[in-house]
**Student:** 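Questions regarding the structure given below will be posed in turn.
Just so we're on the same page: letters track the sequence lines, and every chain starts at 1.
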Amino acid sequence: MKKKKVSIYDIAEEVGVSTATVSYVLNGKAAEKRISPELQKQILRSAKKNGYQPNMLAKGLSTGKSKIIGMMVEYISDPFFSTIARQIEDKASRRGYKLLYSSTENCTDKTKELLRVYRETQVDGYIIAPPPGVEKEIRTLLRSQVPLVLFDRFFPDLPSFNVIVDNQAGCYEATRHFIARGHRNIALVTLDSLQVQMAERTTGYHKALEESGRTPLVRHIPFTAPEEERVRRIIAFIEDHPEVDAVLFSTNYLAISGIKAIQSLRRSIPGDLGVISFDDNTHFDLFTPSITSVAQPVFGISEAIMDLLWRQMDGPVLPRAKKETVVLPPLLMERNSVGRT
DNA sequence: TCCTCCTGTCGGTCTACAAG
DNA sequence: CTTGTAGACCGACAGGAGGA
């Protein structure tokens, strides 16, 4: 025999009060509503005895809030994104919010579909690392005044709250580091993506090379290419360019593919090729040799995201504060994959 | 036999108001 | 004045009433 779930109505009946009184007591509004301490005690005791669990669906029906924050990242399995998601989940739960997350796979159509699902789920806030092509949908969300924060990349034309890392400075520093260590022909392996964060990384690389009067060499890998194809393309690139003595990879998974490529060519890191990865990976310090990287400050990123989100959720946003981009500095993690002197 | 309205239902929240 | 309550309401949907 299945027992019906306990509702505030059952508690109200048992204690002999109205559901309103039960609701006030269970939501900590007893003092505000001047419910007597004795009655409060009775209600709390009855709730505990019957194992009362609030019905979130009903709560949402009444308040219009789901207490759910929707988060979309490129791949939740990516260490960068999963670390941030974990920290955000932690901060959200401290305020009674749950996190719903999905991977966009950087695919426009999938993201549009996810946005629809999130809207139907009535999420109270959005945290999105948007793929290209969803500008219109994001604009619609902004117009509807839903709390929203974009991170990792954003659309410069949209009046949104954004959190990004100074991508240009990160790649600039990395390239300068190669130069300072005596590398002469430094290549950049990046994605054929037009998104701002990738463009910025490329710009940083170009800037550092221009300053030292060197010629840039950029190889674009399709961002839709699976792992094997990425490795194959990087192998071909290295074989085509024997003069290259250092490679900067613009994402951590490109770096992993690159390291595989270099190993399969039986070249040594850093003897034959210096390597730096933009974006760190939890295991880079365990590699042989350990991999120098430009680390994104994940803690600072999640902190900034939640600051911006709570600000929107806590109160009406002032019109002139409708746009803000927090730019955080990346950090060069010097390890052993650069070489030279 | 359809189809279109209409009403009630779910579990909470909260305003307006009443009893003592 | 203190303490507590009645009942409208939220949105989606099932199911009944009644008309064509």
**Student:** Indicate yes or no: does A/Arg181 engage A/Glu334 in a salt bridge with an N to O separation below 4.0 Å.
**Tutor:**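 Yes, this pair counts.
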**Student:** Nearest to the side chain of A/Ser18, heavy atoms from C-beta on, is which of B/dG12, C/dA6, B/dT15?
**Tutor:**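 So the side chain of A/Ser18 is nearest to C/dA6.
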**Student:** Would you classify A/Val17 as touching base, sugar-phosphate or nothing, given that sugar-phosphate means primed atoms plus P, OP1 and OP2, and contacts are heavy atoms under 4.0 Å?
**Tutor:**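 Sugar-phosphate: the residue A/Val17, judged by heavy atoms under 4.0 Å, touches backbone atoms but no base.
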**Student:** State, to 0.1 Å, how close A/Ile84 and A/Ile301 come at their nearest heavy-atom pair, and which atoms those are.
**Tutor:**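 Looking at all heavy atoms of both residues, the closest pair is CD1-CG2, 3.7 Å.
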**Student:** Take atom CG of A/Leu26 and atom P of B/dG11, then tell me their distance rounded to the nearest Å.
**Tutor:**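 Rounded to the whole Å, the gap is 15 Å.
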**Student:** Under a 4.0 Å threshold between the charged nitrogen and the carboxylate oxygen, would A/Arg233 count as salt-bridged to A/Glu228?
**Tutor:**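 A/Arg233 and A/Glu228: not salt-bridged.
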**Student:** Heavy atoms from C-beta onward define the side chain here; which of B/dG12, C/dG4, C/dG7 lies closest to that of A/Asn55?
**Tutor:**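 Side chain of A/Asn55 sits closest to B/dG12.
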**Student:** Considering only side-chain heavy atoms of A/Lys59, which listed nucleotide, C/dT2, B/dG12, C/dT5, is closest?
**Tutor:**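 Side chain of A/Lys59 sits closest to B/dG12.
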**Student:** Nearest-Å distance, CD (A/Glu13) to P (B/dG11)?
**Tutor:**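 My rounded result for the distance is 13 Å.
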**Student:** From C-beta outward on A/Ser23, which listed nucleotide comes closest to its side chain: C/dT5, B/dT13, B/dC14?
**Tutor:**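 In terms of side-chain proximity for A/Ser23, the closest of C/dT5, B/dT13, B/dC14 is B/dT13.
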**Student:** For A/Arg184, is the CZ atom crowded, meaning more than 12 foreign heavy atoms sit under 6.0 Å from it?
**Tutor:**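 Incorrect, the count does not exceed 12.
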**Student:** Determine: side-chain N/O of A/Arg34 to OP1/OP2 of C/dT3, distance under 4.0 Å, yes or no.
**Tutor:**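 No.
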**Student:** Going by an N to O cut-off under 4.0 Å, is there a salt bridge joining A/Arg335 and A/Asp280?
**Tutor:**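 A salt bridge is present here (some side-chain N lies under 4.0 Å from a carboxylate O).
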**Student:** Testing the basics here: between A/Gln197 and A/Asp152, what is the closest heavy-atom pair and its distance to 0.1 Å?
**Tutor:**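 Distance-wise, the nearest heavy atoms are CB-O, 3.3 Å.
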**Student:** Does A/Glu173 come within less than 4.0 Å of A/Arg176, counting only side-chain N to carboxylate O?
**Tutor:**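 Looking at A/Glu173 and A/Arg176, the cut-off is not met.
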**Student:** Less than 4.0 angstrom from a charged side-chain N to a carboxylate O is my criterion; do A/Arg139 and A/Asp157 meet it?
**Tutor:**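 Judged by the 4.0 Å cut-off on N to carboxylate O distance, A/Arg139 and A/Asp157 do not form a salt bridge.
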**Student:** For A/Lys29, answer base if it contacts any base atom (sugar-phosphate contacts may also be present), sugar-phosphate if it contacts only those atoms, and nothing otherwise; contact means non-hydrogen atoms under 4.0 Å.
**Tutor:**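 The answer is sugar-phosphate, as A/Lys29 gets under 4.0 Å only of primed atoms, P, OP1 or OP2.
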**Student:** NA contact type, A/Tyr9, heavy-atom cut-off 4.0 Å: base, sugar-phosphate, or nothing?
**Tutor:**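 Nothing, no heavy atom under 4.0 Å.
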**Student:** List in numerical order all residues of residues 37-54 of chain A for which some heavy atom is under 4.0 Å away from an atom belonging to DNA chain B.
**Tutor:**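 Residues of residues 37-54 of chain A that come under 4.0 Å of DNA chain B are, in numerical order, A/Tyr52, A/Gln53, A/Pro54.
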**Student:** Heavy atoms under 4.0 Å, any strand shown: does A/Ser36 hit a base, just sugar-phosphate, or nothing?
**Tutor:**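 Sugar-phosphate, backbone atoms only, no base.
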**Student:** OH of A/Tyr24 versus P of C/dG7: gap in Å, rounded?
**Tutor:**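 Whole-Å distance recorded here is 15 Å.
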**Student:** Measure the distance from NZ on A/Lys33 to C1' on B/dT13 and round it to the nearest whole Å.
**Tutor:**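 Checked: the NZ to C1' distance equals 10 Å.
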**Student:** So do A/Arg201 and A/Thr190 actually touch side chain to side chain, heavy atoms under 4.5 Å?
**Tutor:**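 Not in contact.
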**Student:** Applying a 4.0 Å non-hydrogen cut-off, can you work out what A/Ile35 is touching in the nucleic acid: base, sugar-phosphate, or nothing?
**Tutor:**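 Sugar-phosphate contact only.
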**Student:** Under 3.5 Å, which N/O atoms of the protein pair with N/O atoms of nucleotides 8-10 of chain C?
**Tutor:**
from	atom 1	to	atom 2	distance (Å)
C/dC10	O2	A/Leu61	O	3.1
C/dC10	O2	A/Ser62	N	3.3

**Student:** Could you tell me how far apart A/Leu57 (CG) and B/dG11 (C1') are, to the nearest whole angstrom?
**Tutor:**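 Checked: the CG to C1' distance equals 9 Å.
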**Student:** Considering only NZ, NE, NH1 and NH2 on the basic side and carboxylate oxygens on the acidic side, decide whether A/Glu227 and A/Lys260 come within less than 4.0 Å.
**Tutor:**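 Yes, this pair counts.
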